[in-house]
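Following: one structure in structure tokens, then a few remarks.
For reference, positions follow the sequence shown, starting with 1.
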Amino acid sequence: SKDGRPPQPRDVVMLAHAGIVRHLIELESFVTVCYARFDLSRSMVDFVDCGHTGIVHLHGKTGRCDVLHGDNLPMGVREGEIYEQISVPFEHGDLLLLYSDGITEARNSGKEMFGLHRLEE
């Protein structure tokens with residue numbers, strides 16, 4: 001950008017979406033994405049969740065676990081989509097886990113899914 005700072009995550013996602021949306025629509029396909037940028041100087045994570053699994057946020061001080069989600073559609077669903085960005089603070093000792101549904105939908109020999117609850121534990 002002109003001021004020397006990188007573009008906002010929402011701008012990166014919207015440019016990527018604009019470049020692939022027609023192709024994805026023609027393929028009758030879509031892509032889920034979570035694009036995150038960690039700003040250590042501000043202790044913030046800025047992210048755009050496009051229908052992905054979210055981010056598990058384990059608070060180091062309290063042990064509380066949150067799952068951070070956005071409300072955006074996956075990439076390739078609709079032309080001209082406006083993607084919203086979320087900013088969340090974090091503290092020293094916190095854990096932020098980005099994961100795919102391959103973890104939560106993994107099944108054991110009894111066909112039981114691993115699930116989000118176990119991932120949070």
Side-chain donor or acceptor of [X] paired with backbone N/O of [Y] under 3.5 Å:
| X | Y | value |
| --- | --- | --- |
| Thr53 | Tyr99 | yes |
| Tyr83 | Cys50 | no |
| Asp66 | Leu68 | no |
| Asp49 | His52 | yes |
| Asp94 | Gly60 | yes |

Are any of the side-chain heavy atoms of [X] and [Y] separated by less than 4.5 Å?
| X | Y | value |
| --- | --- | --- |
| Val88 | Met44 | no |
| Gln85 | Arg37 | no |
| Ile82 | Met14 | yes |
| Glu112 | Arg107 | no |
| Val12 | Gln8 | no |
| Val45 | Asp39 | no |

dist Phe47:CZ -> Leu98:CG (nearest 0.5 Å) comes out at 9.0 Å
Is it the case that the side chains of Asp46 and Ser87 hold a donor-acceptor pair, with the cut-off being a distance below 3.5 Å and no angle test? yes
Legend entry - Enclosure of Asp71 CG (heavy-atom neighbours >12, cutoff 6.0 Å): no
Mark yes when over 12 heavy atoms from residues, nucleotides or ligands other than Glu121 sit less than 6.0 Å from its CD; otherwise mark no.
yes
The ring-ring contact (aromatic ring centres under 6.0 Å, His included) partners of His57 (sequence neighbours excluded) come to His59
Under a side-chain separation threshold of 4.5 Å, the hydrophobic residues clustered together with Val77 are Phe30, Leu73
